[in-house]
Amino acid sequence: VEPIQPKPVPLPAEPPEVVGPSDEDCLRELGNQHVRFSVMDELRNVRTPVEIKSPLGGVVYYTQGGGPFRLDCRFALTLQQLGPILTKHGVTRVRFSGAYVYKTAPSGRLSHHAYGVAIDLHDFETKRGTLTVKKDFRQGAGCGRGVPRLNRLACDLERQGIFDEFLTPDFNRAHRDHLHISISRF
Ligand SMILES: [Zn+2]
């Protein structure tokens with residue numbers, strides 16, 4: 001009697017699906033621009049998560065608690081791009097409260113923050129003092145001549161036309177103390 005051979009387990013025809021494909025081009029570009037960062041293995045819902053460890057566009061981004069600065073690689077490149085505008089306004093450091101945050105928007109959809117493509121900016125430190133959205137943004141001022149410095153800065157940023165959302169205290173009460181900027185989700 002022949003001994004029964006165990007049946008070989010068939011190999012799957014397709015390799016397992018890669019979750020959260022890494023966007024190599026973006027990572028390469030971020031490296032080429034001399035940004036210091038680490039690539040994260042996974043960050044829920046974020047396509048190409050990175051943790052930033054240097055200024056972006058010559059500007060230091062920081063939080064009150066000194067928490068990590070995590071976002072999608074594409075959005076890191078967007079902030080790189082904003083560097084010259086912020087620098088033109090004398091900004092050296094920006095305090096933010098939230099970048100990547102897994103949460104829903106009031107609409108019930110996942111917020112842009114949950115994709116790592118949004119940031120809430122509160123304070124802009126310049127050599128001539130700190131501009132605070134809560135105190136220094138004049139609501140309803142528009143972008144004409146003679147508007148306050150912070151409004152002018154916001155106008156210059158919005159004029160880049162690269163954002164999916166650009167929300168200021170003019171938008172609603174929830175945004176009275178910060179600028180929310182985002183790029184499109186995937
Ligand atoms: Zn926000």
Side-chain angles (χ1 to χ4, degrees), residues 20 23 26 30 35 37 40 42-53 55-57 59-83 85-86 89 91-126 130-143 147-186:
D23 189 342
C26 184
L30 207 52
V35 174
F37 64 96
M40 302 180 67
E42 205 191 328
L43 191 58
R44 185 179 181 188
N45 212 52
V46 179
R47 175 164 155 164
T48 312
V50 292
E51 188 167 321
I52 302 297
K53 305 188 170 179
L56 285 175
V59 174
V60 174
Y61 289 82
Y62 71 99
T63 61
Q64 202 84 72
F69 187 16
R70 294 170 175 167
L71 31 64
D72 184 79
C73 179
R74 276 188 320 137
F75 194 50
L77 282 181
T78 302
L79 297 181
Q80 264 293 100
Q81 215 178 320
L82 297 184
I85 299 143
L86 292 170
H89 286 266
V91 175
T92 52
R93 284 162 46 91
V94 174
R95 182 176 72 83
F96 69 94
S97 62
Y100 168 75
V101 185
Y102 193 85
K103 64 174 182 181
T104 51
S107 65
R109 280 189 72 182
L110 274 178
S111 159
H112 282 61
H113 286 285
Y115 293 80
V117 295
I119 192 168
D120 294 335
L121 309 172
H122 291 252
D123 301 332
F124 298 83
E125 293 183 23
T126 79
T130 300
L131 299 169
T132 302
V133 175
K134 196 175 183 172
K135 286 188 300 195
D136 299 309
F137 186 93
R138 191 191 297 157
Q139 284 189 39
C143 292
V147 299
R149 279 175 78 196
L150 186 55
N151 291 68
R152 244 185 301 139
L153 169 57
C155 290
D156 274 0
L157 291 175
E158 187 170 17
R159 207 169 286 134
Q160 301 308 303
I162 54 178
F163 303 107
D164 191 34
E165 300 167 319
F166 193 95
L167 308 178
T168 72
D170 285 337
F171 184 66
N172 64 15
R173 215 180 129 63
H175 293 79
R176 67 191 175 280
D177 64 353
H178 66 275
L179 307 180
H180 165 104
I181 62 175
S182 75
I183 55 171
S184 62
R185 296 171 282 203
F186 291 102

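Start at 1 and go down the list; that is how both ligands and their atoms are numbered. The structure presented is a predicted model; accordingly, all values stated were derived computationally and were not measured.
Across Asn45 and Ala114, no two heavy atoms sit closer than the pair ND2-O, 3.1 Å.
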For residues 174-186, dump all side-chain donor-acceptor pairs below 3.5 Å to protein atoms at least two apart in sequence or in another chain.
residue: His175; atom: ND1; partner: Asn172; partner atom: OD1; Å: 2.7
residue: Arg176; atom: NH1; partner: Arg173; partner atom: O; Å: 2.7
residue: His180; atom: ND1; partner: His113; partner atom: NE2; Å: 3.2
residue: His180; atom: ND1; partner: Asp120; partner atom: OD1; Å: 3.2
residue: His180; atom: NE2; partner: Glu165; partner atom: OE1; Å: 2.7
residue: Ser182; atom: OG; partner: Glu165; partner atom: N; Å: 3.3
residue: Ser182; atom: OG; partner: Glu165; partner atom: OE1; Å: 2.8
residue: Arg185; atom: NH1; partner: Leu110; partner atom: O; Å: 2.8

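Evaluation of the side chain to side chain donor-acceptor pair (under 3.5 Å) rule for Arg93 yields Glu125 as partners, not counting sequence neighbours. Partners of Phe37 according to the ring pair (Phe, Tyr, Trp, His ring centres under 6.0 Å) rule, which considers only residues two or more places apart in sequence or in another chain, do not exist here.
With respect to the salt-bridge test (charged N to carboxylate O, under 4.0 angstrom), the residues Asp23 and Arg47 qualify.
The count of protein N, O or S atoms under 2.8 Å from the Zn ion (ligand 1) stands at 3, with waters excluded from the count.
Between Phe96 and Phe69, a ring centre-to-centre spacing shorter than 6.0 Å is recorded.
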